[in-house]
Amino acid sequence: MYDKICKNCGTKLSEFYRTYMLGCPECYDAFEQEIASILKKVHGARVHTGKMPKIANVDRELLKDYERLIKEKEDATLDGRFSRIKSLSEELIALTEELKRRGLL
């Protein structure tokens, strides 16, 4: 039996049928004819466009704040600014609880 192979990553079409997972973005082109109908059912389109996490702008901003606070705390630690470390730790605790409540951590 003929089994197509992606020239980029070596994934076989039979592997896709077994796992429904492709090895790389080039697989979409390599197996286009064979997987088009499956993509239509799964993604609602004949091509896969990737996915963006569905989170609200407020949630996205909270996550940015969380990352910023962690970075600031690391910098304060390296600089020995102990009062700033304490302040940032308190902010991080409160923000961590909010992110957990929202299911983001």
Side-chain angles (χ1 to χ4, degrees):
M1 180 175 143
Y2 178 70
D3 195 10
K4 276 189 173 179
I5 297 175
C6 174
K7 292 178 182 176
N8 185 59
C9 70
T11 297
K12 294 180 180 182
L13 183 58
S14 60
E15 290 175 38
F16 169 76
Y17 286 131
R18 188 172 46 81
T19 64
Y20 291 102
M21 292 174 47
L22 296 171
C24 72
E26 281 78 18
C27 287
Y28 289 95
D29 293 329
F31 309 134
E32 181 178 14
Q33 291 177 339
E34 294 81 7
I35 67 173
S37 63
I38 295 170
L39 289 177
K40 177 79 171 153
K41 288 177 188 173
V42 173
H43 298 293
R46 294 179 69 90
V47 294
H48 177 61
T49 57
K51 56 184 171 181
M52 177 72 155
K54 294 180 181 177
I55 61 175
N57 286 338
V58 171
D59 293 340
R60 197 175 319 276
E61 289 302 315
L62 289 173
L63 288 168
K64 283 182 186 178
D65 287 345
Y66 180 76
E67 291 174 4
R68 179 187 53 78
L69 288 172
I70 289 174
K71 175 72 172 118
E72 282 186 37
K73 185 177 175 186
E74 288 173 356
D75 291 344
T77 302
L78 291 172
D79 295 341
R81 293 179 282 140
F82 300 107
S83 61
R84 183 68 179 142
I85 293 168
K86 183 180 178 189
S87 170
L88 290 166
S89 294
E90 291 168 358
E91 287 183 63
L92 273 167
I93 290 168
L95 187 52
T96 298
E97 289 303 314
E98 178 62 19
L99 290 171
K100 283 180 182 178
R101 188 184 68 73
R102 292 172 180 254
L104 298 170
L105 281 184

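Because only heavy atoms are used, hydrogens play no part in the values below, and waters and symmetry mates are left out as well, while side chains stay in. Here the structure is a predicted model, which means the values were calculated and not measured.
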Chemist: Just verifying a value: how many Å separate L99 CG and L62 CG, rounded to the nearest 0.5 Å?
Modeler: 5.5 Å

Chemist: Could you list all the salt bridge (Lys or Arg N to Asp or Glu O under 4.0 Å) pairs where at least one residue sits in residues 10-24, not counting sequence neighbours?
Modeler: none

Chemist: Distance check, rounded to the nearest 0.5 Å: L105 atom CG versus L95 atom CG?
Modeler: 8.0 Å

Chemist: Do K64 and E61 pass the salt bridge (charged side-chain N to carboxylate O under 4.0 Å, His left out) test, and can you show the C-alpha distance, the side-chain angles, and the key distance before you say yes or no?
Modeler: CA-CA 5 Å; K64 283 182 186 178; E61 289 302 315; 3.7 Å; yes

Chemist: If you measure from CD on E32 to NZ on K4, what distance do you get to the nearest 0.5 Å?
Modeler: 9.0 Å

Chemist: Could you work out, with ring pair (Phe, Tyr, Trp, His ring centres under 6.0 Å) as the rule, every residue matching F31, not counting sequence neighbours?
Modeler: none

Chemist: Donor-acceptor pairs are to be reported for all side-chain atoms of residues 76-83 against protein atoms at under 3.5 Å, with residues two or more places apart or in another chain.
Modeler:
unit_1 : atom_1 : unit_2 : atom_2 : d
T77    : OG1    : K73    : O      : 2.7
D79    : OD2    : R81    : NH2    : 3.4

Chemist: Rounded to the nearest 0.5 Å, how far apart are NZ of K86 and OG of S89?
Modeler: 9.5 Å

Chemist: Enumerate the residue pairs fulfilling salt bridge (Lys or Arg N to Asp or Glu O under 4.0 Å) with a member in residues 93-105, sequence neighbours excluded, ordered by first and then second residue.
Modeler: D59-R102, E98-R101, E98-R102

Chemist: Could you work out, with side chain to side chain donor-acceptor pair (under 3.5 Å) as the rule, every residue matching E26, not counting sequence neighbours?
Modeler: N8

Chemist: Name all residues meeting the side-chain contact (heavy atoms from CB on, under 4.5 Å) criterion together with K71; count only those two or more places apart in sequence or in a different chain, and write none if there are none.
Modeler: E74, D75

Chemist: Using every non-hydrogen atom in the two residues, find where C27 and T11 come nearest and quote the distance to one decimal.
Modeler: SG-CB, 3.9 Å

Chemist: Looking at CG of L88 and CD1 of I93, how far apart are the two atoms once the value is rounded to the nearest 0.5 Å?
Modeler: 11.0 Å

Chemist: When rounded to the nearest 0.5 angstrom, what is the spacing between OH in Y17 and CD1 in I35?
Modeler: 8.0 Å

